[in-house]
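Predicted model, so just to flag it, every value in this text is computed and none were measured.
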2 protein chains.
Amino acid sequence: MQSGPGSLILESGAEAATSSFLDDGKNTIASQLVSRLREAIISGQLEAGSKINLDRAKQSFNVSLSPLREALARLISDGLVEFEDNRGYRVSPVSLSNLEEITSLREEFETYALRESMRVGDVEWEGNVMRALHRLNRTERDAAKPETLEQWEAVHREFHLTLISGCRKPLLLSFCKTMLNLNDRYRRTFLTRTSGDRNVSVEHSEIAQGTVARDMEYACDRLREHIHRTGTNLRRHLAEKGIA
Amino acid sequence: MQSGPGSLILESGAEAATSSFLDDGKNTIASQLVSRLREAIISGQLEAGSKINLDRAKQSFNVSLSPLREALARLISDGLVEFEDNRGYRVSPVSLSNLEEITSLREEFETYALRESMRVGDVEWEGNVMRALHRLNRTERDAAKPETLEQWEAVHREFHLTLISGCRKPLLLSFCKTMLNLNDRYRRTFLTRTSGDRNVSVEHSEIAQGTVARDMEYACDRLREHIHRTGTNLRRHLAEKGIA
DNA sequence: TTTTGAAAAATCATCGATTATTTGTCAAGC
DNA sequence: GCTTGACAAATAATCGATGATTTTTCAAAA
């Protein structure tokens, strides 16, 4: 029986629901740790910029040193963890410039991947896009209920990844995934309440409609705006909290 | 005293010469291994697609298991190594589609990064570009002397990275570095002789001249062509060796 | 008061041994 | 002959202990 924090149950539930893009329930301790640590960082449980003390982490995750080190080493790929010789691991810090770069790169990468998807994507991909949109629209997002926020994050991520999943460029997809991870950390940490001046549902629908209609200009423009608005929003919240 | 293969001496020499973009001579075994393994993979010593037997690797690199596993885990970031639970690590395979994706992404990422560099790069960056160009032009590339090929690869890599180093987007730079690594493996493995139909020196000079003149259209067009030609070239060599 | 430096504590890195999983082999059954 | 399943060998994963490095502490000197 798992002796870790209760949120784990919620975690695995969310994973089961959104299957395709998250790691399957792998069996080695190291791989489980990768998922758990990633979630802990993206959700803000592990504070940005903080040092990861191996002894303490070992205890709080109930694991031995070897799998912990290996998991952290793998997380460097995701840009969520940094490492320095003899200084150990630390959670990647957040900053205004980092957020701005992530936003810029999402705009470039995701619109490129979307264009490619529209160029070569098949009918199955189109169907996946519509399904992901439907799920997203049916998922409630109530700031009063934290579990709906987590659910929404999962299906939202799934929607954006599905949009570009038709592009047949695995490396590009992995970069986009990485950027999305980093971006989601900002949202989950700084954007607890929904901003009222946007109808995000409409934005998503427009992107999806343009996509299945293979209207490259329209779909990419809507996607770029969507990403840009999210970035502007987040930047304001960072500024409010005095983060440079 | 190092008991490994003699090529290590050459390696550290190359690193000293091209300083800025390669890892410094770090001290932990794991970090040294990252460099040694990366070089072994890019140079083709470790065959693409082959399984990495931990026991054998342990012996041939004269290290223990822990730093070896950690180094391999970190190399996943570079796209040079793949991993599967309980199945271990393997050298990332090569394929035509992989090469094509790398070429496409280099075209997109590097021209974007170059444009950004021209937009915000300072005078020091300009100077670095001209210096890198000069070094590249002064470095001989003789298929008969393998050591000149390695030297050339190093300064060539340095040139391309310097070009885009002014962009102030660290994440983008790390993606470009990754793509360049993957690309260099193809060249070092499949392109042992120089193809006669190109004057690569002129191509580099045109890119650099356009860059310091801040002529975005010209510089980016030349860079894109340059990357594209290299891709076409490599694709032909892959086809000759019957790689799908 | 500030700086310096050596000892102590904390932390990271590595190792060898043990445990768990996968892969290969081969004989029994269909 | 082909499949199936148990056994054995190979390999990966994990652990606890030991060695190396960095950081902190604190007293002595400037």
Under a 4.0 Å threshold between the charged nitrogen and the carboxylate oxygen, would A:R188 count as salt-bridged to A:E153?
no
Interatomic distance where CG belongs to B:L65 and C1' belongs to C:dA13 [whole Å]
14 Å
A:K51 atom NZ, neighbour heavy-atom count above 12 within 6.0 Å:
yes
From the set D:dG16, C:dA13, D:dA13, return the single nucleotide nearest to any side-chain atom of B:T28.
C:dA13
Check the distance between C:dC12's C1' and B:I29's CD1 and give it to me in whole angstrom.
13 Å
Could you state the CD1-P distance from B:I52 to D:dA13, rounded to the nearest angstrom?
12 Å
When the distance from NZ of B:K51 to P of D:dT11 is rounded to whole Å, what number comes out?
8 Å
For the pair made of CD in A:E84 and C1' in D:dT21, what is the distance, rounded to whole Å?
13 Å
Here the distance between atom P of C:dT14 and atom CG of B:N62, to the nearest Å, is 15 Å
Less than 4.0 angstrom between a side-chain N/O of A:R87 and OP1 or OP2 of D:dT23, yes or no?
yes
A:R56 has its side chain closest, among C:dT22, C:dT11, D:dT22, to C:dT11
Taking CG from B:D55 and C1' from C:dG16, how many angstroms apart are they, rounded to a whole number?
13 Å
Is any side-chain nitrogen or oxygen of B:R69 closer than 4.0 Å to OP1 or OP2 of D:dA13?
yes
Using OP1 and OP2 only, check whether a side-chain N or O of A:N53 sits under 4.0 Å from C:dT11.
yes
Does a donor on one side chain sit under 3.5 Å from an acceptor on the other, for A:N128 and A:T162?
no
With respect to the phosphate group of D:dC15, does any side-chain polar atom (N or O) of A:S64 fall under 4.0 Å of OP1 or OP2?
yes
Please evaluate residues A:R141 and A:H156 with respect to the criterion side-chain contact (heavy atoms from CB on, under 4.5 Å), reporting the C-alpha separation (whole Å), side-chain torsions for both, the decisive distance (0.1 Å), and the verdict.
CA-CA 11 Å; A:R141 189 193 191 191; A:H156 182 246; over 6 Å; no
Does B:R74 make a cation-pi contact with A:F83 (under 6.0 Å, within 45 degrees of the axis)?
yes
Spacing of A:R74 atom CZ relative to D:dA12 atom P, expressed in whole Å
13 Å
Taking D:dA13, C:dA13, D:dT14 as options, the one with an atom nearest any side-chain atom of A:F83 is C:dA13
